[in-house]
Amino acid sequence: MKVLEELRKQRVQEIEELRRAGVEPYPYKFDKTHSTADIKRLFDEKLGAGEILEEEKVSTAGRVMSIRDHGKSAFFHIKDQEGRLQIYIRKNAVGNEKYQLFKKYVNVGDIVGVKGFPFKSKTGELTIFVEDFQILSKAVRPLPEKWHGLKDKEIIYRQRYVDMIANDESLERFKLRYKVIRLMREFLNERGFVEVETPTLVYVTGGAEARPFVTHLNVFDIDMYLRIATELYLKRYIVGGFEKVYEIGKVFRNEGISYKHSPEFTSMELYWAYADYNDIMELTEDLISFIVKEIFGTTKVIYQGTEIDFSKPFRRVRMRDFILEKLGVDIVEDSDEKMLSVLKKQGVDVPIKSRGHLINKLWDLVEDQVVQPTFLLDHPVDISPLAKRHREDPRLTERFELIVFGREIANAFSELNDPVDQYQRFLEQVKLREAGDEEAHMMDKDFVRALEYGMPPTGGLGIGIDRLVMFLTDSPTIRDVIAFPLVNPKSLEEEIEYEEEVEEK
RNA sequence: GGGCCGUUAGCUCAACUGGUAGAGCACCUGAUUCUUAAUCAGGGGGCUGCAGGUUCGAGUCCUGCACGGCCCA
């Protein structure tokens with residue numbers, strides 16, 4: 001700690017020195033005309049090694065990532081949102097005063113602005129020859145090691161900004177995440193879907209099986225919940241007359257953290273009036289293959305060493321058939337006792353012995369066997385309280401989940417729009433709740449009332465954006481695609497206390 | 001919640017069966033006008049996560065706690 005403390009004091013002292021010399025280390029604005037990518041795009045092909053383009057003036061800025069000082073000149077690299085670029089500063093070009101300013105006061109980690117022209121070094125690297133430069137922000141803390149980057153997972157997750165500075169692939173990963181979201185919007189807007197919003201604070205939760213976060217609303221003195229899904233409000237839009245809606249937003253589930261679960265994550269849900277789950281299936285294939293192709297130029301990605309092909313059509317397999325094939329048990333015809341005995345043989349403990357839980361546990365046993373993008377079809381009614389009964393078998397529903405690498409990426413149904421059936425399904429859920437299943441649905445009477453006014457036949461879809469992005473960025477855990485994941489705040493508090501002690505000294 | 005592994009300088013990592021805690025990067029001083037993990041010479045920097053215990057002696061062995069990672073629930 002002492003080392004860091006001394007280094008920070010040294011930097012703070014330098015900042016005071018700069019101010020005394022009339023140099024503001026935190027100026028207000030810099031006129032950045034070119035990003036590092038602009039410069040590469042404009043000049044990389046035009047220049048051969050050793051060539052210069054003195055009349056092409058550019059102004060760029062970024063964080064200093066490395067410095068190679070040669071006495072009366074120096075090379076350094078800056079990093080901006082688009083990448084890294086080499087800069088060359090020479091005493092006889094910027095004048096003694098500016099050069100001394102650079103040499104004495106610019107460190108790795110500082111943010112600087114440079115004006116000059118492009119050239120290519122002897123070794124062929126595109127470089128900016130500095131005619132003028134300015135400190136834009138002095139860093140007080142040192143950067144992690146330039147060669148090995150930042151590896152400490154704790155710092156990576158707790159101080160993502162440091163991770164993004166030190167590890168270029170981290171910044172790129174989040175850029176890709178937001179490109180996925182942008183492409184998703186483009187695709188849906190293009191097809192006439194309207195982006196809408198629904199409440200985050202809700203009186204009753206629904207739309208998923210999950211324990212909610214509880215909070216308190218002072219004005220009515222009632223407990224409220226953070227939404228666990230956007231489904232039930234989006235369907236109210238359909239009742240109200242919207243025909244194609246979607247929402248991209250955070251949902252909250254008060255459950256464990258794992259490589260594929262985060263208590264706070266981002267979903268995209270859409271609802272399409274007059275469509276059924278077959279239409280939604282096609283839409284899902286189109287949407288995902290479009291995104292993958294736009295990003296990579298191909299539908300194939302490598303995830304953790306396995307090639308995954310997102311080209312359409314995706315494989316379709318009935319949940320009933322798949323479990324029957326793998327485990328020899330029929331989740332529609334066989335008794336609860338039969339299913340329980342299969343589970344026991346596999347050493348699976350079932351705390352709540354409802355038929356729905358038994359089916360879910362059976363699926364858990366075999367889900368890993370689905371690797372390539374697959375639509376798992378026609379789930380039993382017991383595990384699908386919001387889906388319409390299958391037109392060919394009322395014990396099943398018209399539902400699919402998109403499974404990739406054993407993970408659920410999307411969930412969709414022909415939406416249940418029969419208010420009487422929906423009410424009965426809620427009653428079943430309430431029974432489970434009373435039996436101790438905290439993840440079962442709550443009775444949502446207003447939602448039933450909405451259905452009583454009439455909802456057109458509707459297809460709906462939910463996609464877990466974080467999980468999708470994991471596949472596209474080859475991320476082993478969901479925390480890698482959430483910029484600021486949930487961390488235990490305890491040690492963070494200690495760090496802040498230490499900071500306060502320093503300030504007092 | 002359970003099991004296993006980890007925590008050493010700002011960062012990345014060493015330190016044999018217990019015997020004076022080291023290197024590289026970063027930082028400071030000096031040299032250096034095409035370097036790119038620049039180079040060369042010199043310098044400062046450690047409550048070995050925290051608290052106990054065993055021992056002549058603990059980074060190293062034992063116990064507890066904190067935080068993290070992986071696996072399981």
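Letters A, B, ... are given to chains in the order of the sequence lines, protein chains preceding strands, and every chain is numbered from 1.
- Minimum atom distance to the side chain of A:Leu4 is reached by B:rG10, of the listed B:rC67, B:rG10, B:rU35.
- Heavy atoms of A:Tyr88 sit under 4.0 angstrom from at least one base atom.
- Take the nearest nucleotide of RNA chain B for A:Lys103 and for A:His77: the residue whose nucleotide is more 5' is A:Lys103.
- For A:Ile155, the listed nucleotide lying nearest its side chain is B:rC11; candidates were B:rU35, B:rG10, B:rC11.
- Side chain of A:Asp110 to main chain of A:Lys138: no donor-acceptor pair is present (N/O by atom type, distance under 3.5 Å, no hydrogens or angles).
- Under the ring-ring contact (aromatic ring centres under 6.0 Å, His included) criterion, the residue pairs touching residues 81-113 of chain A are A:Phe75-A:Tyr88, A:Phe76-A:Phe102, A:Tyr88-A:Phe119, A:Tyr88-A:Phe129, A:Phe102-A:Phe133, with sequence neighbours excluded.
- When the nucleotides B:rU12, B:rG68, B:rU35 are ranked by their closest atom to the side chain of A:Glu154, B:rG68 comes out on top.
- Remark: the backbone N or O of A:Arg479 is not paired with any side-chain donor or acceptor of A:Tyr259 at under 3.5 angstrom.
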**OP:** Carefully, step by step, assess A:Glu145 and A:Lys151 under the rule salt bridge (charged side-chain N to carboxylate O under 4.0 Å, His left out).
**Re:** CA-CA 10 Å; A:Glu145 220 259 358; A:Lys151 292 191 173 174; over 6 Å; no
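- Counted by atom type alone, A:Thr266 and A:Arg177 present one or more donor-acceptor pairs between their side chains at under 3.5 Å.
- Backbone-only contact: A:Gln10 has heavy atoms under 4.0 Å from sugar-phosphate atoms and none from a base.
- On the C1' atoms, B:rU55 is 16 Å away from B:rU17, given to the nearest whole Å.
- Set against B:rC70, B:rC34, B:rC11, the side chain of A:Lys122 has B:rC34 as its closest nucleotide.
- The side chain of A:Lys146 places no N or O atom within less than 4.0 Å of a non-bridging phosphate oxygen (OP1 or OP2) of B:rC11.
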**OP:** Check the pair A:Asp378 / A:Arg320 against salt bridge (charged side-chain N to carboxylate O under 4.0 Å, His left out), numbers first and verdict last.
**Re:** CA-CA 8 Å; A:Asp378 302 343; A:Arg320 180 186 186 177; over 6 Å; no
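- Comparing B:rC11, B:rG45, B:rU33 by their closest approach to the side chain of A:Glu6 singles out B:rG45.
- The stretch residues 59-74 of chain A comes close to RNA chain B through A:Arg68, A:Asp69, A:His70, A:Gly71, A:Lys72, A:Ser73, each having a heavy atom under 4.0 Å from the strand.
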Could you go through nucleotides 1-5 of chain B and list every protein N or O atom that sits under 3.5 Å from one of its N or O atoms, giving the distance for each pair?
none

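- Comparing the P positions of B:rC70 and B:rC27 gives an interatomic distance of 32 Å, to the nearest angstrom.
- Straight-line distance between the C1' atoms of B:rG52 and B:rA58: roughly 13 Å, to the nearest whole Å.
- Put simply, the side chain of A:Asp152 and the base of B:rU7 share no donor and acceptor less than 3.5 Å apart.
- In the region residues 108-119 of chain A, proximity to RNA chain B at under 4.0 angstrom, judged on heavy atoms, holds for A:Val108, A:Phe119.
- Heavy-atom distances to RNA chain B give each of A:Gly124 and A:Leu143 a nearest nucleotide, and the one nearer the 5′ end belongs to A:Leu143.
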Original post:
Could you go step by step and tell me if A:Glu428 and A:Lys431 meet the salt bridge (charged side-chain N to carboxylate O under 4.0 Å, His left out) rule?
Top reply: CA-CA 5 Å; A:Glu428 287 301 313; A:Lys431 268 189 218 161; 3.4 Å; yes
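- B:rC25 and B:rG57 have their C1' atoms separated by 34 Å, given to the nearest Å.
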Original post:
Can you check salt bridge (charged side-chain N to carboxylate O under 4.0 Å, His left out) on A:Lys326 and A:Glu367, steps first, answer last?
Top reply: CA-CA 10 Å; A:Lys326 300 293 176 190; A:Glu367 64 182 353; over 6 Å; no
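- With respect to the salt-bridge test (charged N to carboxylate O, under 4.0 angstrom), the residues A:Glu172 and A:Lys175 qualify.
- Here the options are A:Arg399, A:Arg425, A:His379, the test is side-chain hydrogen bond (donor to acceptor under 3.5 Å, both in side chains), and the partner is A:Ser384; only A:Arg399 passes.
- For the atom pair A:Leu226 CG and A:Glu264 CD, the distance stands at 9.0 Å (nearest 0.5 Å).
- Backbone-only contact: A:Asn107 has heavy atoms under 4.0 Å from sugar-phosphate atoms and none from a base.
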**OP:** Determine, step by step, whether A:Leu126 and A:Lys40 satisfy the side chain to side chain contact (heavy atoms under 4.5 Å, CB included) criterion, reporting the C-alpha distance in whole Å, the side-chain angles of both residues, the deciding distance to 0.1 Å, and the verdict.
**Re:** CA-CA 7 Å; A:Leu126 181 64; A:Lys40 282 175 199 160; 4.0 Å; yes
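- A stem is defined here as three or more consecutive Watson-Crick or G-U pairs, each with both distances under 3.5 Å; for RNA chain B these stems are B:1-7 with B:66-72, B:10-13 with B:22-25, B:27-31 with B:39-43, B:49-53 with B:61-65.
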Restricting to nitrogen or oxygen on both sides, can you table the protein-nucleotides 71-73 of chain B pairs closer than 3.5 Å?
none

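- Of the candidates B:rG68, B:rU35, B:rC11, the closest approach to any side-chain atom of A:Gln86 belongs to B:rU35.
- In this structure the side chain of A:Asp474 never reaches within 4.5 angstrom of the side chain of A:Val301, judged on heavy atoms.
- A close approach under 4.0 Å does not occur between any side-chain nitrogen or oxygen of A:Arg11 and OP1 or OP2 of B:rA26.
- Here A:Asn488 reaches the OP1 or OP2 of B:rG68: one of its side-chain N or O atoms lies under 4.0 Å away.
- Taking atom P on both B:rU20 and B:rC16, the two are 10 Å apart, rounded to the nearest angstrom.
- Remark: A:Leu377 CG to A:Leu396 CG distance equals 10.5 Å, nearest 0.5 Å.
- For the residue pair A:His357 and A:Ser354, a side-chain donor N or O sits within less than 3.5 Å of a side-chain acceptor on the partner.
- Distances shown here put a side-chain N or O of A:Arg158 below 4.0 Å from the OP1 or OP2 atom of B:rG68.
- The closest side-chain donor-acceptor pair between A:Asp80 and A:Ser35, if any, does not fall under 3.5 angstrom.
- For the residue pair A:Glu125/A:His77, the side-chain donor-acceptor check at 3.5 Å is satisfied.
- Enclosure of atom CD in A:Glu97 is not indicated, since only 12 or fewer non-hydrogen atoms of other residues, nucleotides or ligands lie within 6.0 angstrom.
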